[in-house]
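Scroll down for the structure; my scribbles are underneath it.
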2 protein chains.
Amino acid sequence: MTTAAPTPSSRDLPHPAREEIRLEGVLHALSDPVRLRIVRELAAEGVELSCSHFVLPVTKSTTTHHFRVLRESGVIRQIYEGTAKMNGLRRDDLDELFPGLLDCLLTAAARQAARRGGG
Amino acid sequence: MTTAAPTPSSRDLPHPAREEIRLEGVLHALSDPVRLRIVRELAAEGVELSCSHFVLPVTKSTTTHHFRVLRESGVIRQIYEGTAKMNGLRRDDLDELFPGLLDCLLTAAARQAARRGGG
DNA sequence: CCCGTACTACGATGTTTATCGTACGAGCAG
DNA sequence: CTGCTCGTACGATAAACATCGTAGTACGGG
């Protein structure tokens, strides 16, 4: 029937289980401007995005580092898809652990961006 | 008796203005377990507390350091009162800048504490 | 098979951070 | 004034972190 499984790929990456996600870790992950920006864009698009989708003011190595921090803190989920690595927010897990927190943080970030960037 | 003005004291400490408070800074401040604990207790009590009120697993020097980080990031307000230094949450400023964020974070922290500490 | 693209792994570097100990300054109680 | 408590300042230290460059691995297309 619905053989929906789209080739789970060979490599997969270590993610913390839902219960292992720590609030402090999430806050630390989001306390970096580059990472906060990544998460904002991920939330805005609403779909999984490859690393190369993002135009960031740092090199590729550093980008890799930031994505890893986000993954290891439990904020995003990363899955290989061919040569690309797709990134998606762990909305379900975060909402279950900390209801409303993610949206609250995104709203706060948007407000700050509007205040500073928009005028 | 009711000498309402409680001697504003001689020394006072540098605080960021409301507009200078950065979300990243707040998140970074709260991403440390010791500081998160301080903020939780401050919120729970609802009143200003002296530094010595807190029983923390670090030395006095380190405690001073953490309170300074909280103050410089705009999370708390510190005022000298005699030899004691009173600490209060900057609820008004934070709520104005990031509505709902502080409560959301406190709720998340409480949930996590209940899950881990309370069983 | 060879090449290009996407991302990683490793090592280096400079900065920040959490922590401590000790010595000091400010207010309060004798 | 003396001594006490509260908190600071400064210096040291070890760990963590953000950043980079280079070299390498994995996958897909010719």
Side-chain angles (χ1 to χ4, degrees), chain A residues 6-15 22 24-39 42 48-73 75-88, chain B residues 3 5-15 22 24-39 41-42 48-88:
Chain A
T7 316
S9 182
S10 39
R11 309 177 276 179
D12 49 7
L13 301 151
H15 291 75
R22 302 271 292 130
E24 293 90 329
V26 172
L27 297 185
H28 172 245
L30 298 181
S31 71
D32 182 282
V34 175
R35 293 195 291 260
L36 184 56
R37 179 166 154 182
I38 290 173
V39 170
L42 234 29
E48 304 210 329
L49 298 171
S50 71
C51 292
S52 56
H53 170 95
F54 296 84
V55 181
L56 300 170
V58 292
T59 64
K60 262 196 303 182
S61 325
T62 306
T63 300
T64 296
H65 162 70
H66 284 309
F67 274 105
R68 171 158 28 169
V69 172
L70 286 171
R71 170 169 51 81
E72 292 182 343
S73 68
V75 176
I76 67 170
R77 191 177 283 115
Q78 296 191 290
I79 299 168
Y80 276 106
E81 218 161 280
T83 91
K85 190 157 75 171
M86 303 308 288
N87 304 277
Chain B
T3 315
T7 316
S9 182
S10 39
R11 312 174 273 178
D12 49 9
L13 300 151
H15 291 75
R22 302 271 293 130
E24 292 90 329
V26 172
L27 297 184
H28 172 245
L30 298 182
S31 71
D32 181 281
V34 175
R35 292 195 291 261
L36 183 56
R37 178 167 155 182
I38 291 173
V39 170
E41 192 158 343
L42 235 29
E48 306 208 328
L49 297 171
S50 71
C51 294
S52 56
H53 170 95
F54 297 84
V55 180
L56 301 170
V58 293
T59 64
K60 263 195 307 181
S61 324
T62 306
T63 300
T64 297
H65 163 69
H66 284 308
F67 274 105
R68 173 159 27 173
V69 172
L70 286 171
R71 171 168 49 83
E72 292 182 344
S73 68
V75 176
I76 68 170
R77 191 177 282 113
Q78 296 191 292
I79 300 169
Y80 276 107
E81 217 161 283
T83 91
K85 190 156 77 169
M86 303 309 287
N87 304 276

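Here is the naming used below: chain letters follow the sequence lines, and residue numbers restart at 1 for every chain.
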Residues from residues 52-63 of chain B lying under 4.0 Å of DNA chain D - heavy atoms: B:Ser52, B:Lys60, B:Ser61
Spacing of A:His65 atom NE2 relative to D:dA18 atom P, expressed in whole Å: 4 Å
Roughly how many Å is it from CZ in B:Arg37 to C1' in C:dA18, rounded to a whole number? 16 Å
Nearest-angstrom distance from the residue atom NE2 of A:His28 to C1' of C:dA18: 13 Å
Is a side-chain donor or acceptor of A:Thr62 paired with a backbone partner of A:Val58 at a separation under 3.5 angstrom? no
B:Cys51 side chain, from C-beta outward: closest of C:dT5, C:dC28, D:dG7: D:dG7
To the nearest angstrom, how far is A:Asp32 atom CG from C:dT15 atom C1'? 13 Å
Between CG of A:Leu27 and C1' of D:dC17 the distance, given in whole Å, is 17 Å
In whole Å, what is the span from the CG atom of B:Leu13 to the P atom of C:dA26? 14 Å
As a test of reading the structure: which of C:dC28, D:dG7, D:dA18 is closest to the side chain of B:Thr83, going by heavy atoms? C:dC28
Using a cut-off of strictly less than 4.0 Å, decide whether A:Arg68 has a side-chain nitrogen or oxygen near OP1 or OP2 of C:dC7. no
Under 4.0 angstrom between B:His66 side-chain N/O and C:dT19 OP1 or OP2: yes
Distance check needed: C:dC7 C1' versus A:Asp12 CG, whole Å only. 16 Å
Any side-chain heavy-atom pair of B:Cys51 and B:Asn87 under 4.5 Å: yes
Polar side-chain atom of A:His15 near backbone of A:Arg71 as donor-acceptor pair, under 3.5 Å: no
Contact check, side chains of A:His65 and A:Arg35, non-hydrogen atoms, under 4.5 Å: yes
From CE of B:Met86 across to C1' of C:dA26 the rounded distance in Å is 17 Å
Check whether any side-chain heavy atom of A:Asp32 sits under 4.5 Å from a side-chain heavy atom of B:Glu24, and report yes or no. no
Please report the C-alpha distance between B:Thr64 and B:Ser61 in whole Å, then the side-chain angles of each, then the deciding distance to 0.1 Å, and finally whether the side-chain hydrogen bond (donor to acceptor under 3.5 Å, both in side chains) criterion is met. CA-CA 5 Å; B:Thr64 297; B:Ser61 324; over 6 Å; no
Does any part of the side chain of A:Phe54, heavy atoms only, come nearer than 4.5 Å to the side chain of A:Leu49, both counted from C-beta? yes
